[in-house]
Number of protein chains: 2
Amino acid sequence: MHKEHALTKNQQIIFDLIDKSPEPMKAYSILFNVQKKGIKAPLQVYRALDKLVQIGKIHKIESRNAFIACHNSSCQVAKATAFSICEICEKVTEISSAGLSKYLANFKDKDGMKYSKYNLEFFGLCKKCTLK
Amino acid sequence: MHKEHALTKNQQIIFDLIDKSPEPMKAYSILFNVQKKGIKAPLQVYRALDKLVQIGKIHKIESRNAFIACHNSSCQVAKATAFSICEICEKVTEISSAGLSKYLANFKDKDGMKYSKYNLEFFGLCKKCTLK
DNA sequence: TAACATTGTGTAATAATATAACATTAACAT
DNA sequence: ATGTTAATGTTATATTATTACACAATGTTA
Ligand SMILES: [Zn+2]
Ligand SMILES: [Zn+2]
Ligand SMILES: [Zn+2]
Ligand SMILES: [Zn+2]
């Protein structure tokens, strides 16, 4: 049997933490939360994060230096991500839109270049904050 | 007469440096380069950068923590940016495509939310690196 | 199995990126 | 001139991320 991506102990601990979190987590907040499980150093966290990003289990929200679990199985193949970020409450939601991903995957720049990999961050107000 | 956005001395020094640079510049590299002009502390650089980003004269490449001058006058109004980034040589190009900006500005998520502000980073190989 | 290569781990030190706090000054509008 | 806002200068500190090195676990191939 071919295990797709069996996570190591550290990777699993850190993935579980991020996956349970309702909001993106920062590396040092992750570190603080897993110290009781024996992960003591920043590098141990960053190594697990790198791997998890690489295999598509989590994404990095670049503008926030934070990490969120992927809930969109298609991302695990294409490294093409899109998020909406609320500028007031910082709520982050992964956007899963076939139309959008199709448009961006097929987008050609001036030189005719296509890009299968991209990261898109939309900023605005979430529903809750719009009503306030 | 109403000056739109007259830059202050520090802002001008830092903008000129970034504008002349063929590649995105990082904050501490900027700091190093302007020390001879009397800008001695990180905060002086970050304050100018914040302002320049805010008024649309430069953009931050979030995935690289670097800053690039805007060469697309329309960005100065809408905080809506798109870049292509070469994964080998790190060349960054601002994409100016009416079609793309229209598509993204009109994009609605599941909840019908629109986002006038966004940042898009495409990753791939530039022309040069494709040929190698 | 044995040998090798690849990947992950643990630990310490350090680099790179960014902000807080405070006092002061310049620019601008009543 | 007075009050207000924005910018500055300076010091210290917080936050984010990597380098370097020794070692262990895992997987592949002979
Ligand atoms: Zn995803
Ligand atoms: Zn919100
Ligand atoms: Zn621009
Ligand atoms: Zn290139």
Side-chain angles (χ1 to χ4, degrees), chain A residues 1-18 21 23-68 85 87 90 92 119 121, chain B residues 1-18 21 23-68 90 92 119 121:
Chain A
M1 185 211 166
H2 177 40
K3 290 181 192 172
E4 269 307 321
H5 279 296
L7 300 184
T8 66
K9 190 180 146 220
N10 287 1
Q11 289 161 9
Q12 190 69 57
I13 290 170
I14 287 173
F15 174 72
D16 287 344
L17 179 67
I18 297 172
S21 170
E23 67 221 11
M25 293 195 75
K26 303 196 144 217
Y28 277 73
S29 154
I30 292 168
L31 175 58
F32 179 81
N33 277 277
V34 297
Q35 276 177 330
K36 46 185 174 294
K37 302 214 174 179
I39 296 175
K40 291 177 204 152
L43 191 48
Q44 293 174 292
V45 172
Y46 280 104
R47 284 197 282 225
L49 289 174
D50 282 352
K51 185 66 184 186
L52 290 168
V53 165
Q54 196 189 306
I55 64 181
K57 301 281 286 180
I58 65 174
H59 302 301
K60 182 171 187 182
I61 311 298
E62 292 287 358
S63 68
R64 300 297 186 260
N65 298 315
F67 300 85
I68 193 173
I85 302 174
E87 290 187 288
E90 291 289 323
V92 173
N119 181 64
E121 298 179 8
Chain B
M1 184 212 166
H2 177 40
K3 290 181 193 171
E4 270 307 321
H5 278 296
L7 299 184
T8 66
K9 190 178 147 224
N10 286 0
Q11 288 161 10
Q12 190 70 57
I13 290 170
I14 287 173
F15 174 72
D16 287 344
L17 180 65
I18 296 171
S21 170
E23 66 221 12
M25 293 196 75
K26 303 197 144 216
Y28 277 73
S29 154
I30 292 169
L31 175 58
F32 178 81
N33 276 278
V34 297
Q35 276 178 330
K36 47 184 173 293
K37 303 213 172 180
I39 296 175
K40 291 176 204 152
L43 194 45
Q44 293 174 291
V45 172
Y46 281 105
R47 284 197 282 225
L49 290 174
D50 282 352
K51 185 69 184 185
L52 291 168
V53 165
Q54 195 190 305
I55 64 181
K57 300 281 286 180
I58 65 173
H59 302 301
K60 182 172 187 181
I61 311 298
E62 292 287 357
S63 67
R64 299 299 186 259
N65 299 316
F67 300 85
I68 193 173
E90 291 290 321
V92 172
N119 182 62
E121 298 179 8

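Chain identifiers are assigned alphabetically (A, B, ...) following the order of the sequence lines, protein sequences preceding nucleic acid strands; residue numbering begins at 1 within each chain. What you see is a predicted model, and the numbers here were worked out from it, not measured in a lab. Excluded from the calculations below are hydrogen atoms, water molecules and symmetry mates; all remaining heavy atoms, backbone and side chain alike, are included.
Nucleotide C/dT9 holds its C1' atom 17 Å from the CD atom of A/Gln12, rounded to whole Å. One interatomic measurement links the two molecules: CG of A/Asn10 to P of C/dT7, which rounds to 17 Å at whole-angstrom precision. In this structure, CZ of B/Arg47 is placed 12 Å from P of C/dA20, rounded to the nearest angstrom. Between B/Leu43 atom CG and C/dT17 atom P there is a gap of 16 Å when expressed in whole angstrom units. In this structure, the CD1 atom of A/Ile14 is 14 Å from the P atom of D/dA17, given to the nearest Å. One atom, OH of B/Tyr46, and another, P of C/dT19, lie 7 Å apart when rounded to the nearest Å.
Taking 4.5 Å as the limit, some side-chain heavy atom of B/Ile30 sits within range of a side-chain heavy atom of B/Leu49.
Residue B/Gln44 places at least one side-chain N or O under 4.0 Å from the OP1 or OP2 atom of D/dG9. For the OP1/OP2 pair of C/dA16 and a distance below 4.0 Å, the side-chain nitrogens and oxygens of B/Asn65 include no atom meeting the criterion. Applying the 4.0 Å criterion to OP1 and OP2 of D/dA7, one finds that B/Lys51 has a side-chain N or O inside that range.
With centres under 5.5 Å and a plane angle under 30° as the test, the ring of A/Tyr28 is not stacked against the base of D/dT15.
At a cut-off of 3.5 Å, with distance as the only test, no side-chain donor of A/Asp50 or A/Gln54 sits close to an acceptor on the other residue.
For B/Glu121 (side chain) and B/Glu62 (main-chain N/O), a donor-acceptor pair under 3.5 Å exists by modelled atom type.
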